[in-house]
Amino acid sequence: MPVSLPPVKRLHDILPEEPLLMMGAGPVPIPAPVAAANGIVINHLGDTMSRVLEQVKTMGRYIFQTETPWLMGVAGPGSAAMEMAVINLVSSGDRVLSVCNGFFSSRLSEMAHRVGGEVERLTVADGHSADPEQIRAAMQRFKPRVITLVQGETSNTTCNVHLPEIAKIAREHDCLVIVDAVCTLSTMPLPMDEWGIDAVITGGQKGLSCIPGISLVAFSERAWECINNRPQPVAHWTLDATLATNFWHKASYHYTAPVSGLLALHEAMRLVCDETLEARYQRHRQCSNALQGAIETLGLTLYVPEAARLNSVVGIALPESLTSAQVCQHISHHYRVEIAGSFGPPIVRIGQMGEQCRAHNLFRGLHALGSTFKDLGVKVDVPAAMAELENQLQNQRQHSL
Ligand SMILES: *Cc1c(COP(=O)(O)O)cnc(C)c1O
């Protein structure tokens with residue numbers, strides 16, 4: 001019997017009539033030039049692509065703040081870039097210290113384990129940044145060859161604010177540093193060379209405000225030397241960083257690159273460069289702070305204390321009467337705003353990455369959030385919160401003039 005086709009709808013009939021405002025933990029809204037570039041297909045090899053790649057590498061070195069030539073893209077999610085960093089730098093039997101703040105940093109430890117690394121997990125309690133002295137002690141005792149950690153743990157909205165000290169300690173112990181900056185790159189400072197980081201990972205759909213499915217990874221010279229001296233080639237052909245240089249450095253074929261995604265990434269990176277890193281960091285800091293203040297004015301509680309709080313994704317503690325699914329469904333159906341639940345803690349999360357950090361999106365998002373809690377029976381002060389958001393943004397505008 002041939003397989004018959006059940007009824008299939010047009011995409012148009014499935015998508016919401018009016019696009020939802022993406023204020024979750026990614027993907028985030030994309031600017032028009034990024035969307036336009038994503039609609040173009042060009043030859044994956046040849047002069048035009050070479051010029052695009054040169055610019056992506058040049059802009060990447062600015063955005064990652066590094067002189068390394070070993071910056072390259074990956075066809076795949078942020079997780080593919082994580083895997084590319086881990087499997088190229090960790091060989092079977094290597095000791096790996098994995099700082100686990102939550103869901104994504106634990107994913108790095110799982111990846112290191114799967115390639116045969118001897119992994120020690122240093123678990124950090126929710127609401128805290130990893131402690132450099134604890135890491136120093138683990139370095140002295142365990143003597144890892146590689147340490148993995150996140151800059152921002154999107155899942156529970158904590159930030160590893162001591163990352164520079166941790167990277168310094170790792171270097172003193174001759175240990176390679178892999179940092180996941182998927183949600184933080186271009187939203188807050190991460191000077192790769194100055195902090196001595198050996199592999200920085202990012203994805204398209206968060207801080208960079210690009211599409212999902214195209215990612216970047218940068219290896220330091222020190223990391224590259226280790227890759228060149230591997231006892232064996234990596235087991236994953238597609239994620240082999242040495243093979244990836246065929247495409248990224250020698251204008252030849254590794255696999256067919258996601259050309260539209262690369263063009264979109266080019267445009268997303270160009271917008272970051274046009275804005276400048278300093279202005280972009282400031283915009284993120286100001287918008288996120290204003291939103292945090294306004295959420296507290298609503299009468300809600302932020303999940304992470306200020307000292308360890310991530311700005312790129314804001315976590316809001318839920319009253320016991322509500323589940324994150326209830327809140328997310330209500331805000332989506334009634335206000336056409338998407339926010340994120342969580343993997344674990346009883347919170348909902350609002351993203352402050354790239355295009356999410358715009359005053360008009362903040363006002364719409366905050367109004368939707370406040371109204372949702374009110375609709376669901378939580379006592380919140382929506383007008384006061386809206387006024388607080390306006391006041392904070394206005395103060396900041398005055399200060400930055
Ligand atoms: C989203 C995220 C990832 C995973 O990215 P995917 O594109 O979903 O694979 C990894 N790390 C952090 C910190 C993230 O925020």
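Quick note: numbers below take in every heavy atom, side chains included, and nothing from hydrogens, waters or symmetry partners. Start at 1 and go down the list; that is how both ligands and their atoms are numbered.
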Please identify which atoms of ligand 1 are closer than 4.0 Å to at least one heavy atom of Ser79.
4 (C), 5 (O), 6 (P), 9 (O)
Nearest non-hydrogen protein atom to atom 8 (O) of ligand 1, with distance, is Gln205 NE2, 3.8 Å
Angle class for the His254/Trp237 ring planes (parallel below 30°, perpendicular above 60°, tilted otherwise)?
tilted
Enumerated ligand 1 atoms positioned under 4.0 Å from heavy atoms of Asp180
10 (C), 11 (N), 12 (C), 13 (C)
For atom 6 (P) of ligand 1, which candidate among Gly102, Ser215, Gly78, Gly152 provides the closest heavy atom?
Gly78
Give me the residue, atom name and distance of the protein heavy atom closest to atom 13 (C) of ligand 1.
Thr154 OG1, 3.3 Å
If we check side-chain hydrogen bond (donor to acceptor under 3.5 Å, both in side chains) with Gln292, which of these qualifies: Gln352, Gln392, Arg309?
Arg309
Would you mind listing which atoms of ligand 1 come within a distance below 4.0 Å of any non-hydrogen atom of Lys206?
1 (C), 2 (C), 3 (C), 14 (C), 15 (O)
Any Met82 heavy atom less than 4.0 Å from ligand 1:
yes
Cys183 heavy atoms within 4.0 Å reach ligand 1 at atoms 15 (O)
Charged tip of Arg364 within 45° of Tyr335 ring normal and under 6.0 Å
no
Does ligand 1 have any atom that is closer than 4.0 Å to a heavy atom of Glu153?
no
Output yes when the distance from some N or O of ligand 1 to some N or O of Val182 is under 3.5 Å, and no in every other case.
no
Might you work through the side-chain contact (heavy atoms from CB on, under 4.5 Å) test for Phe104 and Leu108, ending with a clear yes or no?
CA-CA 7 Å; Phe104 291 112; Leu108 282 169; over 6 Å; no
